[in-house]
Amino acid sequence: MGYSVYPKLRAIYSFIPISEEIESLFMAEGVLDFRNRFGKMIFLKRFPPSDNDLEDFLRMIPFSLAKLVRKQIHGSSGEFFDIYLKSYELSDIKDIINGDKGFFIEELRGKTFEIEGLDYYMQKGMWKDCWVLGFSKYKERHNKIDIEIALDKCYYSFLLKGVRNLPYAEAIETEEFILTLINFKNKLWLYRLKKFYDLQDFEIRRFLIPEGNVYKNFSMEEGITENEFVKEFLNICYRDFKFRMYSMRSILAFFFLLDLKMNEIISIYRSKLLDLNRERFREIWEKLYVGS
């Protein structure tokens, strides 16, 4: 299936910051130097800053662009892309669960809730069943991660179900991309669980998304760090966007790539606000990274 929006994304891609530009931001000495370097990036010719809050500006770029792209995708492909867009709502829900404000979704933007206060919002739409499951476990154990796990599993389950409505050949290659992403997410969880929690295999299983090869063979996997995830998955997204042209797979790859790049810049910016030196930033990069 052809996607007329692909050439437009290809043109936008030429403005996305390359690794040398991001490295230059990393080398900046403090916030002022960071802002000076950031202000010279070619990227801003395509996306001129809309306000003074740099982090909000960067976070909103992929979401705003994705909503525009959605208007140009029709039929079953458009319906599938609607499920992808739910990732931004999921991000808001997780932020609120962890004491932050919503950002992307109008009903949640700028709002904070106690977890119990989210219950009314979550009792509608695609999240209802997984929310009920996660929330009931939370009430038993008072561990927020129970809700996040349930929501993650729900989201990726809906993505994989939505793939089935695409034309056959496209469904196969799009499913392959999603399973690759799930494998990476599970490797990331494995690393965290083994490094920070020292859990046994039977305990680890419940944290993983129950799809893909990593889930099936998780006891033999070591996991990957956040930094490794970003580098490796960026390469996959770059390859798929460049060589799987005019497909849903290429469009998904573009948006994951754009998200990863924006999150990298935000993380570096946060390190400058905290006045961290480069060595310290590398040590705590995973805590500053906003992507997953």
Side-chain angles (χ1 to χ4, degrees), residues 80 83-84 86-98 115 122 126-164 171-237 240 249 252-253 255-256 259-260 263 285-287 289-292:
F80 173 78
I83 301 173
Y84 161 73
K86 285 289 184 180
S87 64
Y88 294 98
E89 184 178 25
L90 177 58
S91 176
D92 272 358
I93 294 165
K94 287 183 176 181
D95 282 346
I96 290 171
I97 287 170
N98 289 291
I115 292 180
M122 299 298 290
M126 66 177 268
W127 305 112
K128 180 178 179 180
D129 290 342
C130 54
W131 170 261
V132 169
L133 175 63
F135 190 48
S136 64
K137 289 183 178 179
Y138 168 77
K139 287 190 287 187
E140 291 173 15
R141 294 192 280 244
H142 299 284
N143 192 340
K144 296 174 183 177
I145 199 67
D146 285 318
I147 299 177
E148 294 192 48
I149 292 168
L151 294 174
D152 276 343
K153 290 179 179 179
C154 180
Y155 175 69
Y156 289 105
S157 172
F158 274 110
L159 266 185
L160 289 171
K161 287 177 182 175
V163 161
R164 298 170 194 165
I172 295 298
E173 68 168 19
T174 305
E175 180 181 51
E176 183 181 70
F177 179 83
I178 294 169
L179 287 173
T180 298
L181 172 61
I182 290 173
N183 283 335
F184 271 99
K185 291 284 187 179
N186 279 339
K187 284 183 178 182
L188 191 55
W189 267 110
L190 279 172
Y191 172 78
R192 292 168 176 168
L193 295 169
K194 290 183 177 183
K195 181 175 176 63
F196 301 112
Y197 298 98
D198 193 29
L199 298 182
Q200 301 298 313
D201 284 352
F202 75 92
E203 296 173 295
I204 288 174
R205 183 182 291 274
R206 77 180 185 90
F207 287 90
L208 304 180
I209 301 162
E211 300 286 348
N213 292 330
V214 172
Y215 177 76
K216 293 174 184 174
N217 306 292
F218 75 91
S219 61
M220 294 182 285
E221 294 278 353
E222 288 301 315
I224 56 174
T225 66
E226 196 94 45
N227 193 27
E228 289 169 330
F229 163 73
V230 170
K231 288 180 178 179
E232 293 179 30
F233 197 60
L234 263 178
N235 287 334
I236 289 171
C237 291
D240 281 7
R249 181 167 177 160
L252 288 181
F255 279 102
F256 279 107
D259 263 322
L260 288 169
N263 290 336
W285 188 82
E286 296 191 26
K287 295 180 180 178
Y289 185 73
V290 296
S292 57

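- Judged purely by atom type and a 3.5 angstrom limit, Lys153 uses its side chain to pair as donor or acceptor with the backbone of Arg206.
- For the atom pair CD1 of Ile97 and CD1 of Ile147, the computed distance is 4.5 Å after rounding to the nearest 0.5 Å.
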**Request:** Check step by step if side chain to side chain contact (heavy atoms under 4.5 Å, CB included) holds for Leu159 and Glu211.
**Result:** CA-CA 12 Å; Leu159 266 185; Glu211 300 286 348; over 6 Å; no
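- Take Arg205 and apply the salt bridge (charged side-chain N to carboxylate O under 4.0 Å, His left out) test, not counting sequence neighbours, and it matches no residue.
- In plain terms, the two heavy atoms of Gly223 and Leu190 that are nearest each other are CA-CB, 4.0 Å.
- Each of Glu175, Glu173, Glu176 was scored for a salt bridge (Lys or Arg N to Asp or Glu O under 4.0 Å) with Arg249, with one residue passing: Glu176.
- To the nearest 0.5 angstrom, Asn263 atom CG is 9.0 Å from Glu226 atom CD.
- Annotation: side chain of Leu181 is in contact with side chain of Tyr156 (closest heavy-atom distance under 4.5 Å).
- For the pair Phe158/Met126, a side-chain contact is recorded, criterion being any heavy-atom separation below 4.5 Å from C-beta on.
- Judged purely by atom type and a 3.5 angstrom limit, Asn213 has no side-chain atom pairing as donor or acceptor with the backbone of Asn183.
- Considering OG1 of Thr174 and CZ of Phe80, their distance stands at 6.0 Å, rounded to 0.5 Å.
- Between Tyr155 and Tyr88, the distance from one ring center to the other does not fall under 6.0 angstrom.
- Here the CG atom belonging to Asp146 is positioned 10.0 Å from the OH atom belonging to Tyr138, to the nearest 0.5 angstrom.
- Rounded to the nearest 0.5 angstrom, Asn98 CG and Ile145 CD1 are separated by 8.0 Å.
- One distance of note links CD1 of Ile204 with NZ of Lys194; it measures 5.5 Å at 0.5 Å rounding.
- Between Asp240 and Ala253, the closest heavy-atom pair is CB-CB, 3.8 Å.
- Classification of the Phe233-Phe229 ring pair by plane angle, with boundaries at 30° and 60°, yields parallel.
- The shortest side-chain heavy-atom distance between Val214 and Ile209 does not fall under the 4.5 Å cut-off.
- Ring geometry for Tyr84 versus Phe255: interplanar angle of 30 to 60°, hence tilted.
- Residues Leu90 and Asp152 have side chains in contact (heavy-atom distance under 4.5 Å, counting atoms from C-beta outward).
- Side-chain atoms of Glu203 and Leu193, non-hydrogen and from C-beta on, never get closer than 4.5 Å to each other.
- Contact of the Arg192 side chain with the Phe207 side chain is not registered, since no non-hydrogen atoms from C-beta on lie closer than 4.5 Å.
- A 4.5 Å side-chain heavy-atom check between Val163 and Phe177 finds every atom pair outside the cut-off.
- Counting heavy atoms from C-beta on, the side chains of Glu89 and Trp127 come closer than 4.5 Å.
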